Amino acid sequence: MIVYQADKKQFLSDNNDREIEDVILAKYTSATGRKVSVSEVKSWKESLKYMSQILSDPDISNDIGIAVELHIPQSSKRIDISLTGRGHDDSKNIVIVELKQWTTVQQSAKDAIVNTYLGSRMREVVHPSYQAWSYASLLEGFNEAVHCGDISVRACASLHNYERDGVIDADHYASYIAKAPLFLRGDAERILLRNFIKQHIRFGDPGVLYELVNGRIRPSKALSDSLAGLLKGNTEFILIDDQKEVYEHILAAGQAASTANPKVVIVEGGPGTGKTVLAINALVALTTKGLNCKYVSKNAAPRRVYETKLAGTMTRTRYSNLFTGSGGFIETPSDTFDVLIVDEAHRLNEKSGLYGNLGENQVKELIAAAKCTVFFIDEDQRVTLSDIGTKKTIRDFGISKGAEVSEHELASQFRCSGSDGYIAWLDDTLDVRPTANKMLTPAEFDFKVFSAPDELHASIAEKNKSGTARVVAGYCWPWTSKKDPKAFDIVIGEYRKRWNLEVDGSLWIIAPNSINEVGCIHTCQGLEVDYIGVIIGPDLIVRDGLVKTVPSARDRHDKTLRGYKVRLKADPKKATAEADLIIKNTYRTLMTRGIKGCYVYCSDEETASYFRSRLTAEALAAVQP
């Protein structure tokens, strides 16, 4: 998606004859349906006015392509300015320009990090050259036309209010400035930026921009497939913006922590914001620096998948020294580890052991066991009544230990086609929280509502032929096939499928034949596929536009609501609210496993109608099977 596109002649006209920020705002609102902050509108005005001065050079062709706010595929990121055309050798090129209004920064000892004022406070952010280079790398990774070499990408950063001072352009940042040149304030800098543009784009060609925007989107890397390379120190994923900022903070905290100066780091991020990628990257980096580290997760499924993917490249002993469950720290002496990296921290339990009767509190035990403990968390993915991982719990136990507690947020979205709008729409639609995203547009995410479960499953099976796709469901059907392998579990009319639990278990999401089965929350949380099909059972229904949850519709063997009846007797209001949250979170989690799309079937027709009513007419026409 592009918010604004034109050739140079039209762009200059929109700057000279109209208020360019109003033009961009109108197009942005029309394309996304979202509001824009006053500061961003002001930024458009100042930066685009400056770019019009740069492009006024008569030696820059009038027909070069100009795109403002070009959306990077499979992410939530947008490129400020993209210039497209052909070089002196007739090569197809794109120059991306990251624009900043900054006037001052302070150097940081961290890699690619500077300190600058954003709003009214000083904060750590990535260096503009790193940002521009990382965006170019994303384009190369996700766009087939760029990846295959048909279009070359050049990146640079322009800070037209910033005087060259030896700080923003310090040697510490030289490697990134070499990848994405930095142009600052002054006439000489204007000439340098113009020359950079003219060096790579000599002639206009509308086809280059069209090819870039309409090029085939390459599949996203799956973490499990890239794990071996990561553990060898290879760069499998480019960390961008808030990911890089948080990553550098984790490295600094891990290296600075001691028994006398313990640290607790809380990293909050929604689905697809790269929590696990960041966790594994930090594990590798800190281990390489000689620190005693472990990756910890309550969920067994991701660890089993990782272990299988690493077969032949790592011994089981070494694997268990790096990856472990959350219940093994009951008797661990204080500060045994330098760093514990706890993924899916929202799934932590109070007690440990098979019968849930060991230890005191997993959060407390993990913090006690390490000088630095890093928790990756999304409270909206708490999916059982026994999940006690919350920011407050972590914060309180960290303070009790005397640790320095820092909190960070990941916002960059890489799942659900990078659509923040889809996540917000889903939160509002499931009544997790109210948002402004009442309707879903076709440009935001591939979302379909099916009238029959067999049609849903067939569509997901077809998607699985060219990528990864699986069907999951709420745990509303008994596990009959556990005792009778020939029996079917999920039976809806003529649709008959078995739960994945017996044959593939935790490896269901990567097992080749599991496309014929149905998964549940226990075997897909923390993992992802290209397309997810979700069967919404009778535990979540809609009546007269109100989303209602029905705990009694869950199968009686479902452990996620274990203890609900006891709690209901003790405190009906609180127990009802807790069960309501667990069921909604479960479907929210299931419906955000897909990188490219989510297809749903509702066992209740009124519920299906409700989901369809939350799609725009254009989306409804585009997605009806």
Side-chain angles (χ1 to χ4, degrees), residues 268-273 299 344 346-347 377-391 415-416 419-440 445 447 449 472-477 519-522 524-526 532-555 558-565 567-568 571-594 598-604 606-615:
E268 182 180 21
T273 51
N299 241 12
E344 304 281 328
H346 40 271
R347 294 300 318 279
I377 189 169
D378 177 5
E379 292 182 2
D380 291 329
Q381 290 194 53
R382 292 170 57 219
V383 295
T384 80
L385 290 178
S386 60
D387 293 348
I388 54 93
T390 65
K391 290 183 292 180
R415 201 180 291 155
C416 305
S419 176
D420 295 326
Y422 171 69
I423 302 295
W425 173 84
L426 188 61
D427 284 347
D428 193 86
T429 301
L430 292 176
D431 194 28
V432 173
R433 65 175 57 81
T435 73
N437 297 63
K438 305 299 181 184
M439 306 295 286
L440 185 67
F445 193 51
F447 185 88
V449 182
V472 295
Y475 202 5
C476 300
W477 291 269
C520 66
I521 189 66
H522 305 297
C524 73
Q525 190 170 21
I532 194 73
V534 181
I535 297 175
I536 299 178
D539 58 338
L540 186 141
I541 60 174
V542 177
R543 294 293 179 264
D544 299 322
L546 298 178
V547 180
K548 299 179 179 294
T549 56
V550 187
S552 60
R554 286 281 182 99
D555 180 66
D558 176 27
K559 296 180 180 179
T560 63
L561 293 180
R562 177 178 287 176
Y564 166 67
K565 291 182 179 179
R567 298 185 187 204
L568 192 62
D571 189 338
K573 186 176 181 179
K574 181 179 179 182
T576 299
E578 288 177 334
D580 183 75
L581 182 66
I582 293 305
I583 292 172
K584 289 176 179 176
N585 280 357
T586 297
Y587 283 110
R588 180 184 189 270
T589 301
L590 293 177
M591 295 169 74
T592 53
R593 296 307 92 195
C598 173
Y599 297 168
V600 303
Y601 164 77
C602 303
S603 61
D604 176 74
E606 187 173 341
T607 306
S609 297
Y610 168 75
F611 275 98
R612 292 190 187 100
S613 74
R614 301 298 297 262
L615 304 176

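This is a predicted model, so every value here is computed, not measured.
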Intermediate values then yes/no, side chain to side chain contact (heavy atoms under 4.5 Å, CB included), Phe611 and Leu430 = CA-CA 9 Å; Phe611 275 98; Leu430 292 176; 4.0 Å; yes
ask   = Step by step, would you call Phe447 with Val600 a side chain to side chain contact (heavy atoms under 4.5 Å, CB included)?
value = CA-CA 8 Å; Phe447 185 88; Val600 303; 3.9 Å; yes
task = Given side chain to side chain contact (heavy atoms under 4.5 Å, CB included), test Cys524 with Leu590 step by step and report yes or no.
result = CA-CA 8 Å; Cys524 73; Leu590 293 177; 3.5 Å; yes
request  = For side chain to side chain contact (heavy atoms under 4.5 Å, CB included), just list the numbers for His522 and Thr560, CA-CA rounded to whole Å, side-chain angles, deciding distance to a tenth of an Å, and then say yes or no.
outcome  = CA-CA 9 Å; His522 305 297; Thr560 63; 3.5 Å; yes
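In this structure, CG in Asp539 is found 11.0 Å from CG in Asp555, a value given to the nearest 0.5 Å. From Leu385, atom CG reaches atom CG of Leu581 across 9.5 Å, with rounding to the nearest 0.5 Å. Atom CG of Asn585 sits about 9.0 Å away from atom CG of Asp387, to the nearest 0.5 Å.
A 4.5 Å side-chain heavy-atom check between Ser386 and Lys559 finds every atom pair outside the cut-off. Looking at Thr384 and Arg347, their side chains come closer than 4.5 Å, going by heavy atoms from C-beta outward. Counting heavy atoms from C-beta outward, Lys584 and Val547 have side chains that approach closer than 4.5 Å. Residues Arg593 and Cys598 have side chains not in contact (no heavy-atom distance under 4.5 Å, counting atoms from C-beta outward). The closest side-chain heavy-atom distance from Glu606 to Ile541 is not below 4.5 Å. The shortest side-chain heavy-atom distance between Ile583 and Arg554 falls under the 4.5 Å cut-off. At least one side-chain heavy atom of Leu568 sits less than 4.5 Å from a side-chain heavy atom of Thr576.
Shown here for Ala553 and Cys476, the closest heavy-atom pair between the two residues is O-CB, 3.5 Å. Residues Ile582 and Val383 approach most closely at CG2-O, 3.0 Å, considering heavy atoms. Of all heavy-atom pairs between Asp378 and Gly269, the closest is CB-O, 3.2 Å.
Residue-environment remark: NZ (Lys574) stays at or below the threshold of 12 foreign heavy atoms within 6.0 Å. The environment of Arg562 atom CZ is sparse: at most 12 non-hydrogen atoms of other residues, nucleotides or ligands sit within 6.0 angstrom.
With hydrogens and angles disregarded, no donor-acceptor distance shorter than 3.5 Å links the side chain of Arg567 to the backbone of Ala575. Counting only distance, with no hydrogens or angles, the side chain of Glu578 and the backbone of Leu561 share no donor-acceptor pair below 3.5 Å. For the pair Thr607 (side chain) and Val542 (backbone), a donor-acceptor distance under 3.5 Å is present. A donor-acceptor pair under 3.5 Å is absent between the side-chain atoms of Arg614 and the main chain of Tyr610, judged by distance alone. Looking at His346, its side chain never comes within 3.5 Å of a backbone N or O of Arg382 through a donor-acceptor pair. Side-chain atoms of Tyr587 come within 3.5 Å of backbone atoms of Gly537 as a donor-acceptor pair (strictly under, hydrogens ignored).
In summary, of the residues considered (Tyr599, Trp425, Tyr422), a ring pair (Phe, Tyr, Trp, His ring centres under 6.0 Å) with Phe445 occurs for Tyr422 alone. Remark: of the listed residues Asn437, Thr435, Leu440, Thr435 is the sole one forming a side chain to side chain contact (heavy atoms under 4.5 Å, CB included) with Asp428.
With respect to Lys548 and Asp604, no salt bridge is recorded, no charged nitrogen being found less than 4.0 Å from a carboxylate O.
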